[in-house]
Amino acid sequence: MIRLESVDPGNWRLGLKVSESQKGFGSDDMRLLARTYDFSQLFIDERYQGKGFGTEAAKQILRMMESDGRYDKVILCYIDGNEAARNMYEKLGFYLTGECDEDEIMMEKVLT
């Protein structure tokens, strides 16, 4: 079972890292942790990447957003070349919008 946990003063020093293959697609580890603190970013430690945990965590976040009832759609971006992210987002029902911001490719999903 996947459990979402906010980054807080008691757990931010757990030594979480992204895998070497993902380092070119995001910020350094400390900056990623800072962004997860305000929940604008999902962070999966390198030990758990590629095992479906990110997909399950994203599903939980999407369910929370749908049940909240305040959101019509979700817009996100991934760095060009990060096929793992693109594949995960497509599996979750996101589609390309055709918009880009430099090397960031935009996707969206309409919530039901």
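Nothing fancy with the numbering, it's 1 onward along the sequence. Hydrogens, waters and symmetry mates are skipped; everything else that's a heavy atom, side chains included, is used.
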Which distance, rounded to the nearest 0.5 Å, do you find between the [atom1] of [X] and the [atom2] of [Y]?
| X | Y | atom1 | atom2 | value |
| --- | --- | --- | --- | --- |
| Leu76 | Thr97 | CG | OG1 | 9.5 Å |
| Glu66 | Leu111 | CD | CG | 5.0 Å |
| Ile105 | Cys77 | CD1 | SG | 9.5 Å |

List, one per line, each side-chain donor-acceptor pair under 3.5 Å for residues 84-95, sequence neighbours excluded.
{"residue": "Arg86", "atom": "NE", "partner": "Glu90", "partner atom": "OE2", "Å": "3.0"}
{"residue": "Arg86", "atom": "NH2", "partner": "Glu90", "partner atom": "OE2", "Å": "3.4"}
{"residue": "Asn87", "atom": "ND2", "partner": "Glu83", "partner atom": "O", "Å": "3.1"}
{"residue": "Tyr95", "atom": "OH", "partner": "Glu108", "partner atom": "OE2", "Å": "2.6"}

Original post:
Do Arg63 and Glu56 sit within salt-bridge range, that is, some charged N less than 4.0 Å from a carboxylate O?
Top reply: yes

Subject >> Test log, rule side chain to side chain contact (heavy atoms under 4.5 Å, CB included), inputs Ile79 and Glu104 >> reply: CA-CA 5 Å; Ile79 303 295; Glu104 295 184 349; 3.7 Å; yes

Original post:
Are more than 12 heavy atoms from other residues, nucleotides or ligands located less than 6.0 Å from atom CG of Asp68?
Top reply: yes

Original post:
Linking I/L/V/M/F/W/Y whenever any side-chain heavy atoms sit under 4.5 Å apart, do Leu62 and Met106 land together?
Top reply: no

Original post:
Given Tyr78 and Met107, is the side chain to side chain contact (heavy atoms under 4.5 Å, CB included) satisfied, shown in steps?
Top reply: CA-CA 8 Å; Tyr78 70 95; Met107 297 183 87; 3.6 Å; yes

Subject >> Closest contact, heavy atoms only, Lys73 versus Ile75 >> reply: CE-CD1, 4.0 Å

